[in-house]
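Quick one: structure below, then a few questions.
Because the structure is predicted, anything quoted here is derived from the model rather than measured. Counting begins at 1 with the first residue of the sequence.
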Amino acid sequence: MNRFMKVSLLFSSLAVLAACGTSGEGELHEWVAEQRATSKPRITPLTEPKEFKPQDYAGGSGVMDPFTVLRLTQVLQRDSAQIASNAALIAPEMARRKEPLEAFPLDTMAMVGYLDKASGPAALLKVDNLIYPVKLGNYLGLNYGKIVKITETAIQLREIVQDASGDWVERQATLDLQEGKK
């Protein structure tokens with residue numbers, strides 16, 4: 001009986017393999033060829049680009065020609081005056097010695113206390129799990145931040161940063177008192 005099962009298994013395997021023959025494959029190739037022949041891609045033609053017509057500059061009366069030497073001189077003078085004012089803003093900051101808290105960004109600092117001393121108000125800052133006392137005139141943060149006001153709830157700073165055009169400008173920043181977690 002064991003031999004009978006082996007023979008029947010062999011014939012059934014051959015029958016399955018015979019059913020997987022290539023008889024249906026020819027029909028598939030014919031159908032694909034027919035579909036390729038009957039279907040054409042639809043491509044919409046591109047529109048012609050508009051022709052560029054340059055126009056001559058026709059300055060009106062009383063309007064300064066933007067291409068004259070006088071106009072260029074005015075623009076350069078304005079730019080040099082702005083550069084000089086920017087240099088005056090940042091020069092004192094570059095000449096002084098940096099303080100230890102200028103090595104840390106403001107977002108890593110937290111005001112954790114306020115002291116009302118006889119010499120003036122002071123605040124306690126927590127940076128890297130260390131407490132630092134600061135007073136008016138101290139510098140902190142990466143943007144030349146100078147402490148201009150200390151209250152019981154906040155420290156106000158004047159920072160000098162570069163704007164999008166590369167000019168040095170002043171801006172205000174605040175560190176608020178961080179109350180303990182309950």
Side-chain angles (χ1 to χ4, degrees), residues 41-180:
R42 296 181 186 148
I43 300 173
T44 58
L46 295 174
T47 58
E48 288 293 321
K50 295 179 183 178
E51 185 177 334
F52 175 72
K53 297 177 186 174
Q55 295 180 351
D56 292 332
Y57 174 73
S61 62
V63 178
M64 181 182 285
D65 184 4
F67 306 108
T68 63
V69 175
L70 179 62
R71 179 69 178 152
L72 180 61
T73 305
Q74 287 177 346
V75 170
L76 290 176
Q77 285 175 349
R78 186 186 69 224
D79 286 348
S80 65
Q82 190 173 17
I83 290 170
S85 70
N86 285 336
L89 186 63
I90 194 69
E93 302 299 329
M94 300 298 273
R96 68 174 175 77
R97 173 178 259 159
K98 292 226 178 216
E99 295 184 14
L101 290 176
E102 289 184 274
F104 302 98
L106 281 182
D107 60 352
T108 63
M109 299 179 190
M111 179 182 175
V112 294
Y114 171 78
L115 302 171
D116 192 9
K117 293 183 166 184
S119 60
L124 298 175
L125 286 179
K126 184 176 181 181
V127 182
D128 283 344
N129 291 324
L130 296 174
I131 304 294
Y132 294 90
V134 293
K135 59 184 179 181
L136 291 176
N138 282 135
Y139 288 86
L140 48 109
L142 301 176
N143 295 319
Y144 309 104
K146 183 178 182 180
I147 299 175
V148 293
K149 186 176 181 182
I150 298 176
T151 64
E152 293 180 7
T153 58
I155 299 173
Q156 291 182 358
L157 306 162
R158 181 228 5 125
E159 291 186 318
I160 300 174
V161 295
Q162 281 186 314
D163 63 5
S165 63
D167 295 332
W168 291 98
V169 295
E170 288 186 355
R171 75 173 180 194
Q172 299 297 318
T174 304
L175 279 176
D176 292 323
L177 179 66
Q178 303 293 314
E179 296 186 22

Looking at Met111 and Glu152, what are the two nearest heavy atoms and their distance?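 That closest heavy-atom pairing would be CE-O, 4.0 Å.
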Is any side-chain heavy atom of Val161 closer than 4.5 Å to one of Val169?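 Answer yes - side chains close enough.
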Distance in Å, Glu159 CD paired with Arg171 CZ, rounded so as to fall on 0.5 Å steps: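 Here the rounded value is 4.5 Å.
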Considering non-hydrogen atoms only, spot the tightest contact between Ala154 and Asp176 and give its length.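 Smallest interatomic distance, heavy atoms only, reads CB-OD1, 3.6 Å.
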Result block: side-chain N/O donor-acceptor pairs under 3.5 angstrom for residues 43-52, not counting sequence neighbours:
none

For residues 102-119, pull every pair meeting salt bridge (Lys or Arg N to Asp or Glu O under 4.0 Å), keeping only residues two or more places apart or in separate chains.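 Listed by first then second residue: Arg96-Glu102.
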Enumerate, atom names and distances included, each donor-acceptor pair closer than 3.5 Å involving a side-chain atom of residues 126-145, sequence neighbours excluded.
unit_1 : atom_1 : unit_2 : atom_2 : d
Asn138 : OD1    : Lys135 : N      : 2.7
Asn138 : ND2    : Glu99  : OE1    : 3.3

Looking at every non-hydrogen atom in both residues, tell me the closest pair between Ile155 and Ala123 and how far apart they are.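 Here Ile155 and Ala123 meet closest at CD1-CB, 3.6 Å.
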Rounded distance (nearest 0.5 Å) linking atom CG of Leu101 with atom CD1 of Ile147: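 Interatomic distance, Leu101 CG to Ile147 CD1, rounded to 0.5 Å: 8.0 Å.
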Who pairs with Gln162 by side-chain contact (heavy atoms from CB on, under 4.5 Å), at least two apart in sequence or on another chain?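 Result, side-chain contact (heavy atoms from CB on, under 4.5 Å) vs Gln162: Trp168.
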Looking only at non-hydrogen atoms, find the nearest pair between Met109 and Leu175 and report the distance.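 Minimum heavy-atom separation between Met109 and Leu175: O-CD2, 3.9 Å.
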With Thr153 via side-chain contact (heavy atoms from CB on, under 4.5 Å) - residues at least two apart: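 side-chain contact (heavy atoms from CB on, under 4.5 Å) list for Thr153, sorted by chain: Thr151.
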Quick check: closest heavy atoms across Pro121 and Tyr114, and the distance to 0.1 Å?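 Distance-wise, the nearest heavy atoms are CB-OH, 3.7 Å.
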